[in-house]
Each structure stands twice: as C-alpha cells, then as structure tokens.
Amino acid sequence: MGAPVDAILAWFAREGRALPWRESGASPWGILVSEVMLQQTPVSRVLPLWTAWMERWPTPGALAGATQADAVRAWGRLGYPRRAQRLWECAVAIEERFSGRVPSDQATLRDLPGIGEYTAAAVVAFAFGRRAVVLDTNVRRVLARIVAGTAAPAPHLTGAERALAAEVVPLDSATAATWNVAAMELGALVCTSRAPRCDACPASKWCRWLAQGRPVAASRRVASPWAGSDRQVRGRILALLRAASSPINVAGSSSLQDVEPGQLDRCIEGLVSDGLIHVSSAERGTHEL
DNA sequence: CACCCGTGGCC
DNA sequence: TGGCCAAGGGT
C-alpha cells in the first residue's frame, strides 16, 4: 500500500488541522493528556478544556500535587469521569515511578492507569516520534474501506487487523508517526463513518470499498437505552457533587426525586465503589468528590 | 468476551 | 425526533 500511503501523507500536509497538542512545543505529558481526553470525545469539546487543564497542571507533578476531586471537578462535563480519575492516578504513578518523566516505552505506558493499547501507541508515536502501530476507530475504518472493501471495521479488533495495520505503517520512525496521525485525520475529516466525502479523498483511486459501490455496513448491535439508565443517574449525581462546595445528602436531594430510591442507592454505591465519590466524614448520609 | 462507563451535537 | 457517533479502557 505504498501509493495510497504517500497520497494520504501529501493530503495531510495540506489539510491536516493545526491542533495545539500537535505543535512542536507540545510536551509528552500534554500529548498524553490530549489522548486521554480524546477517548470517545470529539476534538471540538476537548480543545478548550485541554488548554485550561494544561495551564493549570502543565506537568505530571503538578497534577499529582492536586487532589483527585480537583481533577474530576476540572473535567467538568467532558464525559466518562473515570478518565479524569485515571489521568490523575496516571500523573501520580509517573511522578512516583518515573520522577515525573513520561515513559517512552510502549509496554511501560500500557501499564499506567487509563492507558490502553491505543493510547500507549499514540504517545509513543506522537510524543516521542517513534514507530508504533496506532489503531483507533479512524484508522480501522480507513483500512477497512481502502483495503478490505467494507464500510466499517469488525466490532472488535482482530489479530489479522493488527497485522495488516503493522504492514501499512512506514518503516521510518518519523514517517510512521506522520502516517498514524494522517490516517486518523483522514478518518476524522473525509473517510467519516456517516457521510464519507469520497470526492475529496486522496486515496479514492485505490479504495476497494468505493470501487465496489460503497456497500452498506452490516447492522450494528443495538445500544442500550439512555433515558433512565444508571449511567444517566450517575452523571446527574456527579454533576451535583461537582457543583457543590460542601458534602451533600445525595439520596435526599430534591433534584433527584424522580429517581427510584433503589436505583439511586445502587448508583451512589457504585460511584463510591469506583472511588469517584466518597462518603463524607463530616455529616451522616452525605457524600463528596 | 460482553458489558459497562458520560456527554452533546448532528442529520 | 432519536438513534448514531466521537483519537477507548477496565473488568
């Protein structure tokens, strides 16, 4: 896949967005923070928060010196607040184990809280300019279409997919890093899930999916309903506690009266068990971050 | 491996 | 209008 790779690299040089974590001055920590914030979250919502976060906590040591509650509160409504909790834990681990230096080894990164296969590879490539196989949902979709000729990748990452992706990544370190971000960018801007802009795609000449007339994707698994879900209730509880300056009686809160007591108790217990909220020692029956 | 975990915007 | 989607990770 040499020609399409070159075409996508050239396209990225022209059309790639200038995002702050892509600037040459961005630190490995700043890049790691951006990768965690971008997990399942659009760039547009990450941008303002990342800037404020990095201004407040520019290094792992700075974040490690704050409290988990500070981190969860600053995370605001970015979503999946456990990412904030784990990012804080990650900062503490980097400070304690590596004297505040973000490790450059992929397996070492993978062992840090909140850092999985994708994020470890992304930090290796984008923060340290080393060759890595970065396989996010964008790269998977781009490869599925161009190479496999299917509208969407399989539900879960397969070994064959990893092998194919590894074959495509250029051997040279710097080019490999650029390829990874370019493929992600193509998936984000052109080869999108919903309405791909094949007329603007630098790889359309080689795309098997386009050549086959863009066959539709196999039906996806149905998502569980959102309204009334535990996730929604947990989100409401956390929103309440983020805004509070003192412990709150969550179970008796007027703003949660519409939630069935059994579900409310279950969600409170779950959040406590997750370590996202804590029983307050100040007053019986109250909680805080 | 299947399932759970937030949030907001878009067509 | 509501189902779908967005640079996944943990259990």
Side-chain angles (χ1 to χ4, degrees), chain A residues 12 16-17 19-22 26 30-50 72 75-87 89-90 109-127 132-143 151-159 165 177 179-189 191-196 216-242 266-267 270-271 273-277:
Chain A
F12 178 72
R17 291 168 292 181
L19 301 172
W21 46 84
R22 288 181 183 166
I31 290 167
L32 188 155
V33 170
S34 78
E35 291 302 337
V36 172
M37 288 184 172
L38 287 162
Q39 290 167 3
Q40 302 283 284
T41 309
V43 167
S44 59
R45 285 181 38 217
V46 167
L47 272 172
L49 198 68
W50 182 86
V72 170
W75 198 259
R77 304 187 66 79
L78 198 57
Y80 289 138
R82 286 198 289 191
R83 292 183 296 164
Q85 175 188 34
R86 291 181 179 133
L87 183 57
E89 292 172 351
C90 181
L109 284 161
R110 179 66 183 76
D111 283 338
L112 291 168
I115 310 296
E117 177 179 348
Y118 160 76
T119 306
V123 170
V124 165
F126 306 143
V133 181
V134 180
L135 257 184
D136 77 324
T137 187
N138 288 307
V139 180
R140 293 188 67 210
R141 187 173 54 250
V142 166
L143 292 181
H156 35 257
L157 191 54
T158 65
W179 157 253
N180 284 317
V181 69
M184 289 171 63
E185 192 78 333
L186 187 69
L189 300 182
C191 192
T192 58
S193 177
R194 194 170 307 165
V216 295
S219 61
R220 298 226 166 187
R221 227 184 86 249
V222 290
S224 47
W226 171 255
S229 67
D230 281 8
R231 291 167 75 179
Q232 185 185 38
V233 173
R234 285 167 58 106
R236 292 174 63 187
I237 294 170
L238 277 172
L240 203 62
L241 292 181
R242 276 198 309 267
R266 180 172 71 244
C267 289
L271 287 167
S273 155
D274 289 343
L276 271 172
I277 72 174

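Lettering follows sequence order; numbering is per chain, from 1.
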In whole Å, I'd like the distance from the [atom1] atom of [X] to the [atom2] atom of [N].
| X | N | atom1 | atom2 | answer |
| --- | --- | --- | --- | --- |
| L276(A) | dT7(B) | CG | P | 11 Å |
| L271(A) | dC5(B) | CG | C1' | 10 Å |
| L47(A) | dA6(C) | CG | P | 18 Å |
| E117(A) | dG9(C) | CD | C1' | 11 Å |
| L157(A) | dA7(C) | CG | P | 15 Å |
| N138(A) | dA7(C) | CG | P | 4 Å |
| R83(A) | dG6(B) | CZ | P | 10 Å |
| L78(A) | dC5(B) | CG | P | 18 Å |

Would you say the side-chain atoms of [X] pair up with the backbone N or O of [Y], donor to acceptor, closer than 3.5 Å?
| X | Y | result |
| --- | --- | --- |
| T41(A) | Q39(A) | yes |
| W75(A) | G79(A) | yes |
| W50(A) | G30(A) | yes |
| R45(A) | L78(A) | yes |
| R140(A) | L135(A) | no |
| D136(A) | M184(A) | no |
| R83(A) | V36(A) | yes |

Legend entry - Along DNA chain C (nearest heavy atom to each residue), the more 5'-positioned of A223(A) and R22(A): A223(A)
Legend entry - Comparing R86(A) and R17(A) on DNA chain C - which has the more 5′ nearest nucleotide: R17(A)
Using a cut-off of 4.0 Å on non-hydrogen atoms, how would the nucleic acid contact of [X] be classed: base, sugar-phosphate, or nothing?
| X | answer |
| --- | --- |
| W75(A) | nothing |
| R231(A) | base |
| G116(A) | sugar-phosphate |
| R266(A) | nothing |
| L238(A) | nothing |
| T192(A) | nothing |

Inset, instruction - Can you sort out which residues in residues 37-45 of chain A have a heavy atom within less than 4.0 Å of DNA chain B? Ascending by number, please. - result: Q40(A), T41(A), R45(A)
Inset, instruction - Decide yes or no for V72(A) and L276(A): does some side-chain heavy atom of the first lie under 4.5 Å from some side-chain heavy atom of the second? - result: yes
Legend entry - Contact check, side chains of W21(A) and L47(A), non-hydrogen atoms, under 4.5 Å: yes
Legend entry - From dA7(C), dC5(B), dG8(C), nucleotide with atom closest to T119(A) side chain: dG8(C)
Inset, instruction - Select one nucleotide: of dT7(B), dC5(B), dG8(C), the one nearest the side-chain heavy atoms of D136(A). - result: dG8(C)
Enumerate the protein-to-nucleotides 1-3 of chain B contacts in which both atoms are nitrogen or oxygen and the separation is below 3.5 Å.
none

Legend entry - All salt bridge (charged side-chain N to carboxylate O under 4.0 Å, His left out) counterparts of R82(A), not counting sequence neighbours: D274(A)
Legend entry - Span that lies between the C1' atom of dA7(C) and that of dC3(B), in whole angstrom: 22 Å
Inset, instruction - Rounded to whole angstrom, note down the C1' distance from dC1(B) over to dG9(C). - result: 15 Å
Legend entry - Which residue lies more 5' along DNA chain B, comparing Q232(A) with R194(A) via nearest heavy atoms: Q232(A)
Legend entry - Short N-O contact, R22(A) and E185(A), less than 4.0 angstrom: yes
